[in-house]
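This report concerns only the one structure given below.
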There are 2 protein chains.
Amino acid sequence: MVQHYQGQFDSSFGALSDATRRGVLEQLAREDASITALAARFQMTLTGMKKHVGVLEQAGLVTTEKVGRVRTCKLGVRGLDEEAAWIERYRQLWSARFDGLDAVVEELKRKERKARSTNEK
Amino acid sequence: MVQHYQGQFDSSFGALSDATRRGVLEQLAREDASITALAARFQMTLTGMKKHVGVLEQAGLVTTEKVGRVRTCKLGVRGLDEEAAWIERYRQLWSARFDGLDAVVEELKRKERKARSTNEK
DNA sequence: CCTATACTGAACCACATGGTTCAGCATTAT
DNA sequence: ATAATGCTGAACCATGTGGTTCAGTATAGG
């Protein structure tokens with residue numbers, strides 16, 4: 001078994017990379033649901049849905065509890081705060097990079113205006 | 001070939017679900033880099049790194065250009081704005097749910113029903 | 001007790017992923 | 001002209017993914 005340690009972001013972003021799972025999260029944000037209910041809503045087998053829920057559970061985004069024969073799925077305690085923070089930080093770097101290009105363009109324009117006015121003398 | 005249509009979020013969150021690729025994005029936010037440079041920095045073969053860059057490129061997060069024998073990788077025009085927005089919306093739903101502010105959930109449901117019915121015609 | 005319901009687990013499938021090696025090919029440097 | 005550099009593509013490998021079916025087990029209801 002190679003069993004690379006799966007980072008938190010690996011599993012949470014991985015969980016989000018599937019439309020069904022994003023749908024399940026949105027659904028659970030509205031109300032708790034059983035595996036059966038989710039399976040019906042997303043048109044797949046119980047077994048298939050259970051796997052998706054398992055992935056979300058692994059990522060800490062969902063918790064489940066079985067009472068009687070029904071397993072109820074709820075949103076997990078963990079939100080997506082750290083993921084949001086990562087993306088936000090990246091977006092800052094990204095825009096700095098692009099604004100940086102703009103700054104260079106501005107700089108070139110400035111120089112050109114200066115050069116032109118110098119030549120015009 | 002089944003070739004399911006890959007949604008934008010599927011590929012962008014998928015791209016983010018790997019530590020190496022997140023690292024490459026952070027690196028490129030600092031400066032453009034060749035495949036060789038990235039491969040060296042993340043200790044893997046050229047071929048391996050090229051695949052990662054390919055995934056990022058598919059997701060629209062990176063663009064590359066080959067000049068002579070060097071392929072230079074830069075951040076793509078597309079940032080992570082829509083991904084940030086999705087997460088932000090989810091976080092609102094999540095905290096509403098946890099704060100027990102069911103009224104907020106109801107409000108969002110109402111808005112969405114409205115938006116959906118508007119989109120549907 | 002009997003049946004329907006809800007889930008669970010194993011096994012299977014096709015295809016994706018994250019890596020590798022090896023054999024090129026084009027470009028640059030000597 | 002030769003050699004080194006940088007990338008590329010094909011093939012391979014182990015494991016993961018997103019689904020299925022089928023055969024159970026446990027619980028609820030009549």
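The model shown is predicted, which means the values in this text are computed figures rather than measured ones. Each chain gets a letter, A, B and so on, in the order its sequence line appears, and its residues count up from 1. The basis for the numbers below is simple: all heavy atoms, side chains too, and nothing from hydrogens, waters or symmetry mates.
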Donor-acceptor under 3.5 Å (A:Arg97 side chain, B:Lys74 main chain): no

Specify the closest pair of heavy atoms between B:Ser17 and B:Arg22, including all atoms of both residues, with the distance to one decimal. C-NH1, 3.7 Å

Please check if the number of heavy atoms outside A:Gln58 that lie under 6.0 Å from its CD is greater than 12. no

Counting runs of three or more consecutive pairs, Watson-Crick or G-U wobble, with each distance below 3.5 Å, where are the stems of DNA chain C? C:1-30 with D:1-30

Interatomic distance where CG belongs to A:Asp10 and C1' belongs to D:dT17 [whole Å]: 15 Å

Of the non-hydrogen atoms in A:Val62 and A:Leu28, which two are nearest, and what is the gap between them? CG2-CD1, 3.7 Å

To the nearest angstrom, the CZ-C1' distance between B:Phe42 and C:dG18 comes to 15 Å

Please work out if B:Thr47 contacts a base, only the sugar-phosphate, or nothing of the nucleic acid, heavy-atom cut-off 4.0 Å. base

Using a 3.5 Å distance criterion without hydrogens, assess whether the side chain of B:Trp94 forms a donor-acceptor pair with backbone atoms of A:Gly76. yes

In this structure, how many angstroms lie between the P atom of D:dT20 and the CD atom of A:Gln43, rounded? 10 Å

Which whole-number value in Å describes the distance from A:His52 NE2 to D:dT17 P? 11 Å

Just the table, please: protein N/O against nucleotides 28-30 of chain C N/O, every pair under 3.5 Å.
none

Regarding the side chain of B:Arg21, the nearest nucleotide among D:dG6, C:dG18, D:dT20 is C:dG18

Starting from the 5' end of DNA chain C, give me the residue, A:Lys50 or B:Gly14, whose nearest nucleotide shows up first. A:Lys50

Contact check, residues 53-64 of chain B vs DNA chain C, heavy-atom distance under 4.0 Å, returns none

Spacing between B:Glu65 atom CD and C:dT27 atom P, to the nearest angstrom: 15 Å

How far apart are the closest heavy atoms of B:Ile87 and A:Glu83, and which atoms are they? CD1-CB, 4.2 Å

Between B:Arg71 and A:Thr45, who's closer to the 5' end of DNA chain D by nearest nucleotide? B:Arg71

Under 3.5 Å donor-acceptor, A:Arg78 side chain and A:Leu61 backbone: no

Classify A:Leu46 by what it touches in the nucleic acid, base, sugar-phosphate, or nothing, heavy-atom distance under 4.0 Å. base

Rounded at 0.5 Å granularity, tell me how far CZ in A:Arg21 sits from NE2 in A:His52. 6.0 Å

Return whichever of B:Lys66 or A:Thr20 has its heavy-atom-nearest nucleotide of DNA chain D closer to the 5' end. B:Lys66

Spacing of A:Met49 atom CE relative to D:dT21 atom C1', expressed in whole Å: 18 Å

Does some side-chain heavy atom of B:Val67 sit less than 4.5 Å from a side-chain heavy atom of B:Thr72? no

Write down the atom of A:Arg30, the atom of B:Leu93, and the distance for their closest heavy-atom approach. NH1-CD1, 3.7 Å

C:dT21 C1' sits how many Å from B:Met44 CE, rounded? 15 Å

What orientation do A:Tyr90 and A:Trp86 show, parallel under 30°, tilted 30 to 60°, or perpendicular over 60°? parallel

Here the pair of heavy atoms bringing A:Ala29 nearest to A:Leu75 is CA-CD1, 3.7 Å

Provide, to the nearest angstrom, the distance between the CZ atom belonging to A:Phe13 and the P atom belonging to C:dT17. 17 Å

